[in-house]
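The first residue in the sequence is number 1, and the count goes up from there.
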Amino acid sequence: MKRLLLIILTISIIILGVFLGRREMALRNVSKSDDYDAAIAGVKEAMRTDLSKNPMEIRLEGHSIKGLNYKVLMDNDMKLYVSEDFVMDILGCAVRRYNSGEIVLERADAKVSLDKNTYKIAKDVIFVPVDERLRQLDYAVEISFAGHFVDFSQIKGVSPLPKAYDMRKDGRLTEVRDQGRFGTCWAFASLGALESSTMPYEENSYSPDHMALSNSYKTGLTAGGDHSMSIAYMAAWQGPVYEKDDPYGDGKTVTDLSPVKHLEEAIVINERNDEVIKGAIYRYGGIETSLYLALSYDNIDSEYYSEEYSAYYTDKVRKPNHDIVVVGWDDDFPKEYFNIEPKKNGAFICRNSWGKDFGDKGYFYVSYEDPNICNQSIVYTRVAGTDNFDKIYQTDMLGWVGQMGFDSDAAYFANVYTAEEDSKLSGVSFYATDKNTEFSVYIVHDFKDKDDFQRKELVSSGAARYAGYYTVHLQDDIELKENERFAVVVYIKTEGSKKPVAIEYAADNRTRNADISDGEGYISEYGRNWIRTEEEQDSNVCLKAFTTIK
C-alpha cells in the first residue's frame, strides 16, 4: 500500500510540474516505478475523458465565455486545440484553408502558417493548436489544468484589421457574372457571398437561376427578392445547385436537382458598423448587402458616379434598390475620386452583377460616408457538405417572414414531427431575430399532447451575438424510433425584443404561398401553457430538425 501511495504521489508531482508550468523542477532524483508509463497514460486518458464530458472553460482577458460553446480538443500528448470559429469570432483572425493542406492564420499584418500535421480536423471543423504561435497574432495564452480553463489575452491590443483588404488579391472570389435585365441582383449577391465563404479552399459557381425559380416564393426572375428568400431556399435544402446544372437566363429551371451544400449558419448584421462589417469580410467572406444605386443596367450616367474611378457616393438617404457583395475596403481611397466629394477618404470595394464591362472589371467603390450601404449585411458563416445530416424535418419553407411573442424578450417555441425511420436526432435549426440571443434546446419523446411538454429534456444551450439562421449540432445524438412522435423545443431570450420567435405566415402577396397545413407548432410564454400556432395564429414556427440514419 505504501509503495502504491508513493507511486501516486510521484506521478502527481510530475503532472503538476508539467501542467502547471513548473518545468524547472529537478526530476533527476525521482525514480520511476515499473508501472510509471501505464499510470501516466491512465492519467492522460482520464483527463481527456473528463474534457469531453466537462469542456475546459475558455476565458478572454480573464472573463469566461464558456456560454458561447466554443470547443476545445486535447490530443494524446495533452496539447490543446481551439475551434476555428473561436479563432475567427473571438480572436479576430482569418483562417485561410488551401488545397495543399496548408492553413494560414491572419490578423492585421501578421501571418502564421500551419501545415496539415500541426492542426486537427473533427467533423470538418478545423482546430488550431494553442501554443506560442498565437503570440505572433497578438495573443498570450495561459493554460490551467488545475483550474480547468484556458485564458487568452491580447499583448499589444492592436486592431485585428489592416487598413486595406481586397478579396480579389487573395483568390477568394469567383468570376463576375451578368444578371442582364432581370430582377435577380439579390440571387447573384447571395450566391456571390456564399461562393466566397469557402474560397480559396473550394471554388464553386452556384445557380442564380435555380435560386430565383426553384424557391417556395415562386416570384420568378423579374419580381426581385432579398436575403430572407435566399436563406429560406438554402435552409430548406432546396439549393444551392451548380450553375452548370441549371444555367442562367433561359427562363426555366431544373426542378429535380438536389442541393450540393447545406447552409448551417448565416448572420444578419442589422446596423451600420464598419469595423464589424470589415471583420466579417476579412474572416468569413463577402457580405451580401443593398444600397441605393442611381444607375441602371442600361444607363450608368449619374451625378453620383465617377466612371473614371468607378467611384460612387450619394449624400442623400434613399431607399435601397440594388443588392451587391462587399468584398473589401480601402481606408485611403481618395475622397477626390468621387463626383460629390465626401469629407474623408475611404471606400468599400463592391462587386456588382452587371458583367465585367461595368466599373473596374465588374467592381466599384462606395464611399464610407454613403448613408445607404451596409445598413443590413448578411454573411454566410457556415456551409457544410451534404453529408452533415441525412434527413430534414421542416414546415417553414418560406423561412423567417415575421415574429411572434408575448411582449417579452423570452419565449418557448416547439415543433412536433414523426420519425420516418429508426434514426438519431443530430441537430436543430432556428432563427435568432436580433442580436444578443440566448437559447436552450430540449427534446420530448413519444409526444401525445401539450401536457407532454412538461417532460422536456435539455440537450443543448448556447448564445448568438447577431440575428440570423443558426444550426445547433447536438453533442450526443438522440435515438428516435420509427413512427415516434417527438417534439423539439427551444427556449429563446433576445435582448430588447418583444417578439423573439421567427414564424412563417402569409403576410403579403409575396408570401401568399405560405402553407401552414403541414405543421404542428406551439408557442408558450413560460413553458406551461401552450398555443397551437397553426390553429390560433395562422402561422408555422421556424424550427427544423435534422436526423442521421443508424
Looking only at heavy atoms, what is the nearest atom pair of [X] and [Y], with distance?
{"X": "T395", "Y": "G519", "value": "CG2-CA, 3.4 Å"}
{"X": "S460", "Y": "L474", "value": "CB-CD2, 4.1 Å"}
{"X": "V501", "Y": "A411", "value": "CG2-CB, 3.9 Å"}
{"X": "L458", "Y": "V441", "value": "CD1-O, 3.5 Å"}
{"X": "L191", "Y": "P240", "value": "CD2-CB, 4.3 Å"}
{"X": "A266", "Y": "T381", "value": "N-OG1, 4.1 Å"}

Within-4.5 Å side-chain heavy-atom neighbours: [X] and [Y]:
{"X": "Y282", "Y": "W329", "value": "yes"}
{"X": "D170", "Y": "Y165", "value": "yes"}
{"X": "D434", "Y": "E495", "value": "no"}
{"X": "C374", "Y": "I287", "value": "yes"}
{"X": "M234", "Y": "L194", "value": "yes"}
{"X": "L480", "Y": "H445", "value": "yes"}
{"X": "H262", "Y": "F546", "value": "no"}

Looking only at atom types and distance, does a side-chain atom of [X] sit under 3.5 Å from a main-chain N or O of [Y], one as donor and one as acceptor?
{"X": "S302", "Y": "A294", "result": "yes"}
{"X": "E288", "Y": "D323", "result": "no"}
{"X": "S196", "Y": "G286", "result": "yes"}
{"X": "T547", "Y": "S423", "result": "no"}
{"X": "E504", "Y": "M397", "result": "yes"}
{"X": "T471", "Y": "S429", "result": "no"}
{"X": "S524", "Y": "N529", "result": "yes"}
{"X": "T533", "Y": "S539", "result": "yes"}
{"X": "N204", "Y": "Y242", "result": "no"}
{"X": "T511", "Y": "A514", "result": "no"}

Answer with yes or no whether the side chains of [Y] and [X] bring together a donor and an acceptor at under 3.5 Å.
{"X": "D226", "Y": "S228", "result": "yes"}
{"X": "Y248", "Y": "T184", "result": "yes"}
{"X": "D85", "Y": "S83", "result": "yes"}
{"X": "Y505", "Y": "Q537", "result": "no"}
{"X": "D390", "Y": "T548", "result": "no"}

Roughly how far, to the nearest 0.5 Å, is the [atom2] atom of [Y] from the [atom1] atom of [X]?
{"X": "Q376", "Y": "I269", "atom1": "CD", "atom2": "CD1", "value": "10.0 Å"}
{"X": "I378", "Y": "H227", "atom1": "CD1", "atom2": "NE2", "value": "4.5 Å"}
{"X": "K499", "Y": "M404", "atom1": "NZ", "atom2": "CE", "value": "9.0 Å"}
{"X": "T289", "Y": "N375", "atom1": "OG1", "atom2": "CG", "value": "7.0 Å"}
{"X": "I492", "Y": "S497", "atom1": "CD1", "atom2": "OG", "value": "8.5 Å"}
{"X": "T253", "Y": "M211", "atom1": "OG1", "atom2": "CE", "value": "11.5 Å"}

Examine R283 relative to F86 and say whether NZ or CZ is less than 6.0 Å from the centre of the six-membered ring and inside a 45° cone about the ring axis.
no
A cation-pi test, strictly: NZ or CZ of K391 under 6.0 Å from the centre of the six-membered ring of Y393 and no more than 45 degrees from its axis. Yes or no?
yes
Run the numbers on R485 and D452 for salt bridge (charged side-chain N to carboxylate O under 4.0 Å, His left out), then give the verdict.
CA-CA 11 Å; R485 276 168 49 81; D452 290 329; over 6 Å; no
With a 6.0 Å cut-off on the ring centroids, do [X] and [Y] count as close?
{"X": "F413", "Y": "Y431", "value": "no"}
{"X": "Y365", "Y": "Y309", "value": "no"}
{"X": "H473", "Y": "F389", "value": "yes"}
{"X": "F439", "Y": "F430", "value": "yes"}
{"X": "Y304", "Y": "F338", "value": "no"}
{"X": "F348", "Y": "Y368", "value": "yes"}

If the plane angle is over 60° it's perpendicular, under 30° parallel, otherwise tilted; pick one for [X] and [Y].
{"X": "F364", "Y": "Y305", "answer": "perpendicular"}
{"X": "W354", "Y": "Y297", "answer": "perpendicular"}
{"X": "F453", "Y": "W530", "answer": "parallel"}
{"X": "Y442", "Y": "Y412", "answer": "tilted"}

Are the charged groups of [X] and [Y] less than 4.0 angstrom apart, N to O?
{"X": "K448", "Y": "D446", "result": "no"}
{"X": "R510", "Y": "D508", "result": "no"}
{"X": "R97", "Y": "E202", "result": "no"}
{"X": "E243", "Y": "R177", "result": "yes"}
{"X": "E534", "Y": "R532", "result": "yes"}

Side chain to side chain contact (heavy atoms under 4.5 Å, CB included), that's the test. Do F182 and T222 meet it? Break it down for me.
CA-CA 5 Å; F182 295 112; T222 59; 4.2 Å; yes
Count the heavy atoms belonging to other residues, nucleotides or ligands that lie under 6.0 Å from CG of N299, then report whether that count exceeds 12.
yes
Taking atom NZ as the centre, does K435 end up with more than 12 heavy-atom neighbours from other residues, nucleotides or ligands that are less than 6.0 angstrom away?
no
Could you walk me through whether N540 and D518 pass the side chain to side chain contact (heavy atoms under 4.5 Å, CB included) test, one step at a time?
CA-CA 8 Å; N540 281 326; D518 59 348; 3.2 Å; yes
Trace of the side chain to side chain contact (heavy atoms under 4.5 Å, CB included) decision for I373 with I324:
CA-CA 10 Å; I373 190 172; I324 55 169; 4.1 Å; yes
Begin from the C-alpha positions of V326 and I281 and carry the test side chain to side chain contact (heavy atoms under 4.5 Å, CB included) through to its verdict.
CA-CA 8 Å; V326 182; I281 297 167; 3.6 Å; yes
The test is side chain to side chain donor-acceptor pair (under 3.5 Å); show your working for Q238 and S216 and say whether it passes.
CA-CA 9 Å; Q238 293 174 323; S216 294; 2.8 Å; yes
